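Written below as structure tokens is the structure these notes are about.
Counting starts at 1 for both ligands and their atoms, following the listed order. Computed from a prediction, not measured in an experiment: that's the story for all the values here.
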Amino acid sequence: MATSDPLSVAAEAARRFLAGVADRPVGSAATPAELTAALGGPLPEDGVDAARVVADLARAADPGIVASAGPRYFGFVVGGSLPAAVGADWLTTAWDQNAGIYVLSPAAAVVEDVAAGWLLDLFGLPASASVGFVTGCQMANATCLAAARTAVLRRASWDVEQLGLFGAPEIEVIVGGDAHVTIFTSLRLLGLGAARVRTVAADEQGRMRPEALRDALAGGTGPAIVCAQLGNVNTGACDPLEEIAPLARARGAWLHVDGAFGLWAATSPRHRHHTAGAARADSWATDAHKWLNVPYDSGVAIVADSAAHRAAFTATAAYLVKGGDGRRDAEDWTPEFSRRARGFPVYAALRALGRRGVAALVDRCCDLARLMATRLRAVPGAEILNDVVLNQVLVRFRPSGGGDPGAFTQAVITRVQQDGTCWLGGTTWRGSPAMRISVSNWSTTAADVERSAAAIAQAARG
Ligand SMILES: *Cc1c(COP(=O)(O)O)cnc(C)c1O
């Protein structure tokens with residue numbers, strides 16, 4: 001094998017992968033045993049040449065790599081990575097900055113400040129809000145809800161940072177009937193409990209019903225947090241924040257918005273009406289690694305009350321050099337202490353797209369989701385279950401000869417996954433199994449959707 005330096009080997013393998021990502025089978029059929037055989041074995045007693053380690057890894061891992069970065073991956077809500085973001089991410093790795101405090105990386109701190117300002121501008125959120133760059137929307141929800149917990153208990157004269165929750169006034173937590181699972185893991189982490197929440201009924205698209213929220217809030221007086229959502233993971237539907245925000249405000253409740261992908265609709269003049277009222281919330285959690293198409297791990301926690309946000313996370317110790325003349329110390333805004341400089345790829349993606357490019361990315365994905373729904377509606381037995389308002393499509397298939405649509409839909413999903421033209425998964429929507437399609441990748445084209453719709457139609461016939 002030709003010897004080379006590990007970075008050249010990595011760059012070459014990465015280029016080859018990305019050049020072929022649109023053409024390889026989208027799913028991975030590798031079994032754990034096959035991958036373990038290729039990658040496992042005892043820990044070597046002596047080290048292996050670095051370039052060879054990288055070359056071996058690229059080859060051995062390949063059968064287990066899912067082409068989720070490619071244009072016909074419609075599973076979950078994933079997104080790929082814009083070339084500018086990949087490039088910036090490579091530099092982030094090479095620079096190996098600890099972005100926890102300013103003195104450890106002034107460049108990382110300033111780039112995060114700049115990217116934070118751009119994001120607030122794009123989303124139409126208050127310029128005074130504070131922003132934490134976290135690993136994903138799970139941590140963004142937890143970060144925002146920690147700030148919420150601090151703020152609502154402070155108003156009740158309780159210092160949760162020092163006293164914890166033992167003996168604290170109870171916090172009433174209200175969530176929509178279709179809240180994302182990570183809201184509940186966040187509540188667990190924060191000692192607020194996943195099961196003691198009040199659940200507000202959602203409508204047939206998964207949107208919180210404002211009149212049900214009004215009933216839930218009636219008569220309450222103590223600390224309260226309302227968790228709303230932009231972008232239901234199944235339907236893409238957005239809670240009516242314009243109606244929800246005044247109700248939360250009148251009750252004195254903190255309004256948190258989980259906008260993992262739905263908040264990005266606010267960047268598009270054509271789609272931002274779905275997010276109307278968002279600016280009146282108190283905190284917003286979103287992802288950059290989904291719809292902005294930057295590499296994992298990249299979520300964003302935004303809090304209007306920056307004092308509460310900082311109080312929830314700031315740490316001081318004699319050896320920490322912090323603060324002064326507008327310096328950003330990232331650890332004030334995130335649960336992490338030492339951390340990756342994940343602002344660089346976010347900055348690069350935003351700069352490469354510009355305001356128009358971000359809106360165009362959102363619009364294109366939504367248009368392609370509508371195209372997919374149009375094509376699938378024409379497939380005999382297919383039924384689109386949701387209003388395709390953003391990038392999500394839910395489909396159910398009825399077998400032509402009669403029989404259980406649930407089992408048949410599951411069979412169609414399995415056939416599509418095995419075929420490898422595209423990849424998508426299943427879900428249960430309002431009690432029945434459905435195929436779930438998410439269009440979130442920057443590189444997906446109408447031709448990709450046509451090809452994928454044809455593969456799905458074939459699977460539904462076969
Ligand atoms: C994906 C998602 C999350 C969790 O985000 P991660 O980045 O996976 O941690 C939370 N809420 C919604 C609505 C999501 O779609």
Side-chain angles (χ1 to χ4, degrees), residues 66 68-69 73-81 85 89 119 123 131-146 148 175-190 194 197 202 205-208 225-239 241 244 255-266 274-275 278 281 283-302 334-336 339-340 342 345-346 349 362 365-366 369 386 389-394 424-425 427-429 436-441:
V66 172
S68 51
Y73 188 86
F74 303 113
F76 308 97
V77 187
V78 164
S81 289
D89 206 59
L119 288 170
F123 295 142
V131 179
F133 290 86
V134 294
T135 50
C137 201
Q138 160 79 82
M139 280 321 297
N141 278 326
T143 300
C144 290
L145 291 173
V175 305
D178 271 87
H180 193 263
V181 60
T182 57
I183 289 291
F184 299 99
T185 34
S186 300
L187 294 173
R188 275 158 51 193
L189 277 172
L190 293 166
V197 299
Q205 297 296 319
R207 291 172 298 221
M208 188 192 282
I225 300 171
V226 174
C227 300
Q229 174 170 270
L230 291 174
N232 176 292
V233 281
N234 288 307
T235 63
C238 297
D239 287 351
L241 296 178
I244 289 170
L255 176 59
H256 171 65
V257 176
D258 175 355
F261 63 96
L263 186 58
W264 290 89
H274 296 299
T275 69
S283 58
W284 307 263
T286 192
D287 266 319
H289 58 210
K290 287 179 179 171
W291 223 346
L292 183 60
N293 280 257
V294 307
Y296 289 90
D297 303 308
S298 194
V300 187
I302 306 172
T334 67
E336 300 137 316
R339 55 187 280 282
R340 180 175 178 81
R342 59 177 66 89
V346 173
V362 167
C365 289
C366 295
N386 66 317
V389 290
L390 293 182
N391 58 337
Q392 302 293 115
V393 184
L394 289 182
L424 36 74
T427 186
T428 301
W429 182 245
R436 172 167 175 252
I437 299 167
S438 173
V439 186
S440 320
N441 192 292

field: Close approach, Asp287 and ligand 1, non-hydrogen under 4.0 angstrom
entry: yes

message: Please enumerate all residues that pass side chain to side chain donor-acceptor pair (under 3.5 Å) together with Asn141, with sequence neighbours excluded.
response: Thr182, His256, Asp258

statement: atom 6 (P) of ligand 1: closest protein heavy atom, distance to 0.1 Å, is Cys137 N, 3.4 Å

- prompt: At a non-hydrogen distance cut-off of under 4.0 Å, which region of Lys290 contacts ligand 1 (side chain, backbone, both, or neither)?
  reply: side chain

- prompt: What part of Gln138 sits under 4.0 Å from ligand 1 if we count only heavy atoms: the side chain, the backbone, both or neither?
  reply: both

query: Within the distance-only criterion (no hydrogens, no angle test), does the side chain of His289 pair as donor or acceptor with the backbone N or O of Asp297 below 3.5 angstrom?
result: no

- request: For Ala260, take its heavy atoms, then give the atoms of ligand 1 lying under 4.0 Å from any of them.
  value: 2 (C), 3 (C), 10 (C), 11 (N), 12 (C), 13 (C), 14 (C), 15 (O)

message: Quick check for you: to the nearest 0.5 Å, what is the distance between Asp178 atom CG and Asn232 atom CG?
response: 5.0 Å

query: At a 4.0 Å threshold, what atoms of ligand 1 neighbour a non-hydrogen atom of Phe261?
result: 15 (O)

task: Give a yes-or-no answer on whether the side chains of Thr235 and Gln205 include a donor-acceptor pair shorter than 3.5 Å.
output: no

field: Nearest protein heavy atom with distance in Å, relative to atom 11 (N) of ligand 1
entry: Asp258 OD2, 2.7 Å

task: Classify the ring geometry between Phe123 and Trp264 as parallel (under 30°), tilted (30 to 60°) or perpendicular (over 60°).
output: perpendicular

message: One residue to check: Phe76. Relative to ligand 1, which of side chain, backbone, both or neither has a non-hydrogen atom less than 4.0 Å away?
response: neither

- prompt: Just by distance, do the side chain of Asp239 and the backbone of Gln229 share a donor-acceptor pair under 3.5 Å?
  reply: yes

message: So for Gly231, does at least one of its heavy atoms come nearer than 4.0 angstrom to any atom of ligand 1?
response: yes

message: On a heavy-atom basis, which atom in Ile183 and which in Cys227 lie closest, and how many Å separate them?
response: CG2-SG, 4.1 Å

